[in-house]
Amino acid sequence: MKKKLTKMITKAIQCCLDTHSLPFLEIPPILLELPKNSAHGDFSTNIAMVLASQIEKSPYEIASLIVSNMADNEHVIQKVEIAGPGFINFFIDPRVWYQTLHIIHELRRAYGSSNLGQGKRVQVEFVSANPTGPLHIGHGRGGAVGDCLANILKAVGYHVQKEYYINDVGNQIDTLGQSVFLRYKQLLGEDIDFPSTYYQGDYIRDIAKEIVSKYNRKYLNMKEEDAIPIFTSYGVKHILNSIKVDLEDFGVRFDNWYSEKELFKSDAVHSTVRGLKDKEYIYEKDGAVWFRSTRFGDEKDRVVVRSTGDTTYFASDLAYHKGKFERGFETIIDVWGADHHGYVPRIQAGIQALGYRKDALKVILIQMVNLLREGKPVSMSTRAGEFVTLRQILDEVGRDAARFIFLTRRADTPLDFDLEVAKKKTMDNPVYYVQYAHARICSVIKMASERNIAVPKPPEICTHVLNLPEELQLIKQMAIYPYIVEGSAYHFEPHRIPYYLTQLASSFHGYYNKYRILSHDSDLTQARLYLVAALKIVLENGLDLLGVSAPERM
RNA sequence: GCGCCCGUAGCUCAGAGGGAUAGAGCGUCGGACUUCGAAUCCGCAGGUCGCAGGUUCGAAUCCUGCCGGGCGUGCCA
């Protein structure tokens, strides 16, 4: 519909140019918006005002010219008005809106999908928590956003891969191995002074216990430098496994798990540094090796090889991102915690130095989650090993509520997550509001079928009896769903989907309370069933993008 | 100090490539179930969009400066 109107307007302007009723000018992109106020029509354009700034004619005059030159061959427009400072408002013929019901029923699961992405390859990397401890609530938010974003991009026609980057080498991992080893010795009766810089959580002890029960005192007699690597890899494997289980239960499944260790094995880290050296982006100072990121706008140069000879995390990241492009992704998306935002300029400098476009990388920053219970903050201290894990959230509030709440607010604003509110089944918690709309529709359809009324097929339907303002409103809302998905993809903003779904559910609940779907009027009953069945499809598709279930009963 | 993000109703937040009269939910108060699910609906109240300038036909939205909050600013990850 939008495309049709755009085309008609463009033609009308072209027509004005041809007849010289408008002076020569370049036709700017025509923006059609959906007015908030229904008195302003179904679509509205400001094109006359935009043109007025280029030529000496009043917006009203230009608008009149455009309108009088418009050819509505398909009779889709019911009425056109010029209003306000020069808006052209279009009122669409209801028959056109009824078409969208047919489209929804025909496309079903595919309704809302498009080919915006044209099959371009995109990678979304998210969560990527270090395998040194269980996932916490912040990872949950990142997981929900990354997963949903990937779903949305897929829906608009990108070829998407979801990846988890495993930082399985480096200081933190070494510390993990040492922590487990010390707990192991402690369990076997040695008197141990456990350093405060080591991982304090109970899960470390659990891993040590497991090793004791499997291997008993075997590693006690071994030299420490031989034993610790064994504890390290055992710990990593164990923790990574529980991370996978948690994510699975959270409904997040990755296409690929990428190991930093493999990056070293293939010599990618060092060869990336060498490659940069050839381009003179690398120099030595104070015994360390530096990357000249200031060349690309970073505030200072960054170390890639420490004076100890160890490469930095940043060096790995350069190699990792280079590899992403080499694997054929045109766009790569990194979902990071906002506390890493200072890292963005240097990694962007990096990919430019490696010869890729700065905007080929999009970093989505996820703000922190404030965990509350009944309005009061829940204390969390990573160092003391006291934190609320994603597992606990899943057990307490459930996957659907957790995901929906994570996705309802913009990623870049801090989020208050109240455990008690998340369990409530009221409008504090819009998950159930949306799911309830879906369940209600299922219930109505079921009731209808018990009365031997099936959801009708398109040719049997008299959609024109759907002439209530609420019904047209619902149809129009469903009609914009594909635009919502596209906009959400274009701006990398998943939160638009839950917002839309809540509005859609609200329109439905209002309609449902005011009118009856099943009545003695057979035509009307059929038409309304057809309407709500379409609504059910849209709700399902939307919830599916969020990774939230659409229950038939609740 | 410098950099990034955020300041919208009492609270939590939307506001869709500048658009017309800035919207929801919660909370207050008052109403609606013998009829398709009351996890719902309807109504009332609530605002100088942090402040001050600028850009223009038009700004919550873009630019500059200030104020307030968060985060970052390692040869840590």
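Proteins come first, then strands; the chains are lettered A, B, ... in the order of their sequence lines, and each starts at number 1. Computed over heavy atoms, backbone and side chain alike; hydrogens, waters and symmetry mates excluded.
By the salt bridge (Lys or Arg N to Asp or Glu O under 4.0 Å) test, A:K536 is found to be paired with A:E540, residues two or more places apart in sequence or in another chain being considered.
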Summary of protein contacts for nucleotides 34-41 of chain B, nucleotide by nucleotide, where a base hit scores B, a sugar-phosphate-only hit scores S (4.0 Å, heavy atoms): -BBBSBBS

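Taken to the nearest 0.5 Å, the CD1 atom of A:I66 stands 7.5 Å off from the CD1 atom of A:I30. To the nearest 0.5 Å, atom NZ of residue A:K322 and atom CD1 of residue A:I351 are 13.5 Å apart.
RNA chain B is contacted by A:H491, A:H495 of residues 478-495 of chain A, taking any non-hydrogen atom closer than 4.0 Å. Residues of residues 524-538 of chain A that place a heavy atom closer than 4.0 Å to RNA chain B do not occur.
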For nucleotides 7-12 of chain B, print each protein N/O atom paired with a nucleotide N/O atom at under 3.5 Å, atom names and distance only.
unit_1 : atom_1 : unit_2 : atom_2 : d
B:rU12 : O2'    : A:R409 : NH2    : 3.0

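Residue ring and base: A:H340 does not count as stacked with B:rG72 (centre distance below 5.5 Å and interplanar angle below 30° not both satisfied). A:F87 does not qualify as a stacking partner of the B:rG19 base, lacking a centre-to-centre distance under 5.5 Å together with planes within 30°.
Between A:D301 and A:Y283, the side chains place a donor N or O and an acceptor N or O closer than 3.5 Å (distance only, hydrogens not considered). At a cut-off of 3.5 Å, with distance as the only test, a side-chain donor of A:D400 or A:Q435 sits close to an acceptor on the other residue.
Nearest nucleotide to the A:K300 side chain, out of B:rG19, B:rG74, B:rC71: B:rG74. Relative to the side chain of A:S44, the nucleotides B:rA77, B:rA20, B:rG74 differ in distance, and B:rA20 lies closest.
In this structure, A:L501 places its CG atom 18 Å from P of B:rA24, rounding to the nearest Å. As a whole-Å value, the separation of A:K362 NZ from B:rC4 C1' is 13 Å. Atom-to-atom, CD1 of A:I30 to P of B:rG19 comes out at 18 Å; the value is rounded to the nearest Å.
Around the NZ atom of A:K2, the shell of radius 6.0 Å holds more than 12 heavy atoms that belong to other residues, nucleotides or ligands.
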Would you sketch RNA chain B in dot-bracket for me? Only Watson-Crick or G-U wobble pairs with both distances under 3.5 Å count, crossing pairs as [ ], other-strand pairs as |, the rest as dots. (((((((..((((.....[...))))..((((.......))))......(((((..]....))))))))))))....

